[in-house]
Amino acid sequence: MIIKNVQVFREDGKFYHGEIGIESGIFTEASSADGEILDGQGMLAIPGLIDIHFHGCAGADFCDADPDGLLRIAEYESSVGITSICPASMTVSEAELHKIMQMAAAYKADKGAHFVGINMEGPFISAKKKGAQAAENIRNCDEALFRVLQKEAGGLIKLVDIAPETPGAMKFIEALKNEVVISIAHTTADYENALHALQRGASHITHLYNAMPEFSHRAPGVVGAALDSEDCRVELICDGIHIHPAVVRATFKMFGAERIVMISDSMRATGLSDGRYTLGGQDVVVKGARATLDDGTIAGSVTNLMECMKTAVQKMKIPLEEAIICSSANPAKAIGIYDKYGSIAPGKMADLVLLDQELNVKAVYVGGKLQKR
């Protein structure tokens, strides 16, 4: 298949007018492709987006440990331009974690977004910065438990979140830094403690600014430690609720687009109407774009990653090219799958989104297959 007359977003971060070749679900040189020829009508052709931190959508939650629910998640995500997913677990009971990982390992589907990994958000976090996580299930870092869960998951856990100030955290980092990406999350860590963790082998920050000490001129905290650690990537929720647009712009200036990973942190209510839902077993009230616990604590988002990317561009004034990199290439690099996903290049999975000039999704291809909308 050849899609001609499109503005193709290439790996150098620029758009070029041209055409795209697809053979057997893989991007190829257009000159060597055959079969159907489609006219892209001048649309923007970008790599499929990759969400490495979200909990659910379309009424389903990854923590439900339900393969039909995961399929529903994958189909919704692909319909809106997210072609690879790495959903997050939460601070649930140990028994529930085992069920989640076992379900993930057994999951097989040839529809919807690619299921490329798991983000293990909890239970190794701080009770003081738990956010919407269940306090009764919080526990100290446990290398043995992680290894059991990783085995049950068939190696799918790509990220594990920890609070570095908690007992056993530094030992955990030392033991597992070469096996999984370790992310600082839901933490009271100060600058020195966070920097120590990053120097030991942590390399990622979960939803920067949220569930951590504020970044201030005398106490830079986790944000300052991440800024001073050049190999550290940071997640950013650009739904217009979690972070003020001015702070998003400042973050891009501080870190540069190459170190930012846009995420949605979306919950099961995403794609549905206002009402009461659950997140990690806790009741959540959704009104408009805001999801909160009954006490007002923000509980994830109800905005998918494509809408977050659009918000970053159209309302927060982030350059489109940077927003695309932060929503496709960077998340792929963060979890070690950039060799197959995250850009339009020969030999990679043919995951593609066609957008009009207003960034509305017009077509989505996953592995070269047109997805239903």
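All residue numbers in this chain count up from 1 along the given sequence. Keep in mind that what you see is a predicted model, and the values were worked out from it rather than measured.
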So how far is it from [X] [atom1] to [Y] [atom2], rounded to the nearest 0.5 Å?
X	Y	atom1	atom2	result
I173	N178	CD1	CG	12.5 Å
K340	I26	NZ	CD1	9.0 Å
T251	I318	OG1	CD1	8.5 Å
D161	T206	CG	OG1	3.5 Å
S266	Y76	OG	OH	7.5 Å

Is there a donor-acceptor contact under 3.5 Å from the side chain of [X] to the main chain of [Y]?
X	Y	value
S301	S264	yes
D239	C308	no
T292	T297	no
H55	A88	yes
H186	K130	yes
R200	A169	no

With sequence neighbours left out, what residues match [X] under side chain to side chain donor-acceptor pair (under 3.5 Å)?
X	result
K348	E11, S343
T187	E165
Q150	none
R276	D294

query = Under a single-linkage rule joining Ile, Leu, Val, Met, Phe, Trp and Tyr whose side-chain heavy atoms are separated by less than 4.5 Å, which residues share a cluster with I241?
reply = I298
key: Residues that, via side-chain heavy atoms closer than 4.5 angstrom, fall in one hydrophobic cluster with L354   = M1, I3, V6, V8, I20, I22, F27, L38, M43, I344, L352, Y365, L370
ask   = Can you list the residues that meet the side chain to side chain contact (heavy atoms under 4.5 Å, CB included) rule with D142, with sequence neighbours excluded?
value = F124, R139, A144, L145
key: Passing option when E152 is tested against K99, M103, M101 for side-chain contact (heavy atoms from CB on, under 4.5 Å)   = M101
note = Sorted by chain and residue number, the ring-ring contact (aromatic ring centres under 6.0 Å, His included) partners of F115 (sequence neighbours excluded) come out as Y107
Set of ring-ring contact (aromatic ring centres under 6.0 Å, His included) partners for F9, sequence neighbours left out = F15
ask   = Any Lys/Arg nitrogen of D64 or R268 sitting under 4.0 Å from an Asp/Glu carboxylate oxygen of the other?
value = yes
key: K171 with E143: basic N within carboxylate O range, under 4.0 Å   = no
Test item: [X] and [Y] side chains (from C-beta on) under 4.5 Å apart, heavy atoms:
X	Y	value
I73	P87	no
V80	E307	no
I118	F62	yes

query = Can you list every ring-ring contact (aromatic ring centres under 6.0 Å, His included) pair that touches residues 317-361, not counting sequence neighbours?
reply = H114-Y341
key: Atom of F255, atom of V223 and distance for their closest heavy-atom approach   = CZ-O, 3.9 Å
ask   = For N5 and H17, does a side-chain donor sit closer than 3.5 Å to a side-chain acceptor?
value = yes
ask   = salt bridge (charged side-chain N to carboxylate O under 4.0 Å, His left out) with K177: which residues, sequence neighbours excluded?
value = E174
task = Name all pairs fulfilling the side-chain hydrogen bond (donor to acceptor under 3.5 Å, both in side chains) condition that reach into residues 310-331, sequence neighbours left out, sorted by first residue then second.
result = K310-N360
